[in-house]
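One structure is given below, represented as structure tokens, and several questions about it will come after.
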Amino acid sequence: MPTDNGDFLAHYSEKGLVELNFPGRHVNGDTQSKETMSAEIRAWYQITRAALHKMLAGERVDKLPPLDATGTDFQKSVWREMQKIPAGQTMSYGEIARAIGKPKAVRAVGGACGANPIPVFVPCHRVLAANNKIGGFSSGLDWKRKLLAREGINV
DNA sequence: CATCAAAAACTCC
DNA sequence: GGAGTTTTTGATG
């Protein structure tokens, strides 16, 4: 999946987008050409690519493919909560923890963010530490800063 | 399978 | 700096 920032790699199941990888972390082996994909996945691919371009351009994304992220109940709660963060805004790990009803699970929230298989669409980059510090990012802090800058957020 | 220990992208004093 | 909370993960019996 080519973008202005490199080639992303998407994984799909029968139910939707399972995983999205940043450029440079390619695990080759079981990639498929567009020709051998089902029509359904080709459609998702188009939507995914369009949404990705909008994200990288800092525009609001109106359409996303179905997401089929796998994880524990706790992780899915965290990811669901993060998807509710509007573009251009941030939350702290503590706020996420409160939002899912476990105010003291802040540390665990950090872990769930790190386990997020679909960065950008599940906007873990909009989650900062409590004192407005950048925290960490699984695919590199450069990406986090870049994505935040695109949305007009400065750290 | 059940249990235990250790670690984590945090927070608060 | 250091202690505290929750969850996940890998080792062990």
Side-chain angles (χ1 to χ4, degrees), chain A residues 1-31 44 47-49 51-155:
Chain A
M1 186 170 297
T3 73
D4 296 337
N5 290 275
D7 292 346
F8 284 67
L9 182 64
H11 289 257
Y12 299 93
S13 71
E14 309 77 34
K15 295 191 298 193
L17 179 63
V18 174
E19 187 176 341
L20 185 66
N21 291 331
F22 280 97
R25 303 273 192 286
H26 282 191
V27 285
N28 47 1
D30 56 344
T31 56
W44 291 341
I47 299 171
T48 305
R49 192 169 55 72
L52 200 50
H53 271 88
K54 284 198 171 192
M55 275 287 193
L56 295 175
E59 297 172 29
R60 202 178 68 79
V61 177
D62 46 353
K63 199 187 296 184
L64 285 177
L67 303 184
D68 187 29
T70 56
T72 65
D73 290 340
F74 177 79
Q75 289 169 339
K76 282 187 281 202
S77 305
V78 172
W79 300 337
R80 218 178 8 258
E81 201 58 40
M82 288 195 294
Q83 286 185 73
K84 285 156 56 177
I85 307 175
Q89 286 189 33
T90 64
M91 281 197 195
S92 74
Y93 292 95
E95 284 171 319
I96 299 276
R98 275 195 294 280
I100 62 176
K102 300 174 192 288
K104 291 179 231 161
V106 289
R107 203 101 184 272
V109 169
C113 293
N116 168 23
I118 314 178
V120 184
F121 292 160
V122 177
C124 41
H125 58 277
R126 298 197 187 117
V127 183
L128 306 180
N131 46 353
N132 233 47
K133 289 285 186 266
I134 185 107
F137 198 61
S138 46
S139 294
L141 286 172
D142 292 348
W143 277 107
K144 185 163 183 175
R145 291 203 199 85
K146 189 190 299 268
L147 290 167
L148 290 173
R150 288 280 202 284
E151 298 183 1
I153 300 167
N154 289 313
V155 296

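Quick caveat, the model's predicted, so the values are computed rather than measured. A note on names: the letters A, B, ... follow the listed sequences, proteins ahead of strands, and every chain is numbered from 1.
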**OP:** Return yes when atom CG of A/Asn154 has more than 12 non-hydrogen atoms of other residues, nucleotides or ligands closer than 6.0 Å, and no otherwise.
**Re:** no
**OP:** Give me the residues of residues 83-102 of chain A where at least one heavy atom lies under 4.0 Å from an atom of DNA chain B, by number, or none.
**Re:** A/Ser92, A/Tyr93, A/Gly94
Original post:
Could you give the CG-to-P distance, from A/Asp142 to B/dA9, as a whole number of Å?
Top reply: 17 Å
**OP:** Compare every heavy atom of A/Glu14 with every heavy atom of A/Trp44, then report the nearest pair and how far apart it is.
**Re:** CH2-O, 3.4 Å
Original post:
Has the side chain of A/Gln75 got a donor or acceptor atom that lies under 3.5 Å from a matching backbone atom of A/Thr72?
Top reply: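 The answer is yes, because a donor-acceptor pair under 3.5 Å joins these two groups.
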Subject >> Short N-O contact, A/Arg126 and A/Glu151, less than 4.0 angstrom >> reply: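 Yes, this pair counts.
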**OP:** Please confirm whether the backbone N or O of A/Ile47 pairs with a side-chain atom of A/Lys63, one donor and one acceptor, at under 3.5 Å?
**Re:** no
**OP:** Quick one: sort the A/Phe22 and A/Trp143 rings into parallel, tilted or perpendicular, breaks at 30° and 60°.
**Re:** tilted
Original post:
In whole Å, what is the span from the NE2 atom of A/His125 to the P atom of B/dA9?
Top reply: 19 Å
Original post:
CE of A/Met82 versus P of B/dA9: gap in Å, rounded?
Top reply: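 Spelled out: CE on A/Met82 to P on B/dA9 is 13 Å.
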Subject >> Nearest heavy-atom neighbours spanning A/Thr70 and A/Trp79 >> reply: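 Of all heavy-atom pairs spanning A/Thr70 and A/Trp79, the closest is O-CH2, 3.3 Å.
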Original post:
Separation of A/Lys133 atom NZ from B/dA9 atom P, in whole Å?
Top reply: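 Interatomic distance, NZ of A/Lys133 to P of B/dA9: 18 Å.
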Original post:
Closest approach of A/Leu20 and A/Pro119, non-hydrogen atoms and distance?
Top reply: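 Scanning both residues, the minimum pair turns out to be O-CD, 3.3 Å.
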Original post:
Given that both distances must come in under 3.5 Å, which nucleotide forms a Watson-Crick or G-U wobble pair with B/dA9?
Top reply: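 With both distances under 3.5 Å required, B/dA9 matches none.
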Original post:
B/dA9 phosphate, OP1 or OP2: any side-chain N/O from A/Ser138 under 4.0 angstrom?
Top reply: no
**OP:** May I have the distance from A/Ile134 (atom CD1) to B/dA9 (atom P), rounded to whole angstrom?
**Re:** 14 Å
Could you list the protein-to-nucleotides 3-5 of chain C atom pairs, N/O on both sides, closer than 3.5 Å?
residue, atom, partner, partner atom, Å
C/dT5, O2, A/Lys104, O, 3.4

**OP:** Write down the partner of C/dT5 under the Watson-Crick or G-U wobble criteria, each distance required to be under 3.5 Å.
**Re:** none
Original post:
Which residue lies toward the 5' end of DNA chain C, A/Val109 or A/Ala115, if each is placed at its nearest nucleotide?
Top reply: A/Val109
Original post:
So, for A/Phe74 and A/Ala112, which heavy atoms are closest and what is the spacing to 0.1 Å?
Top reply: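 Taking every non-hydrogen atom into account, CE2-CB, 4.1 Å.
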**OP:** To the nearest Å, give me how far apart CG (A/Asn131) and P (C/dG1) are.
**Re:**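 These atoms are roughly 16 Å apart.
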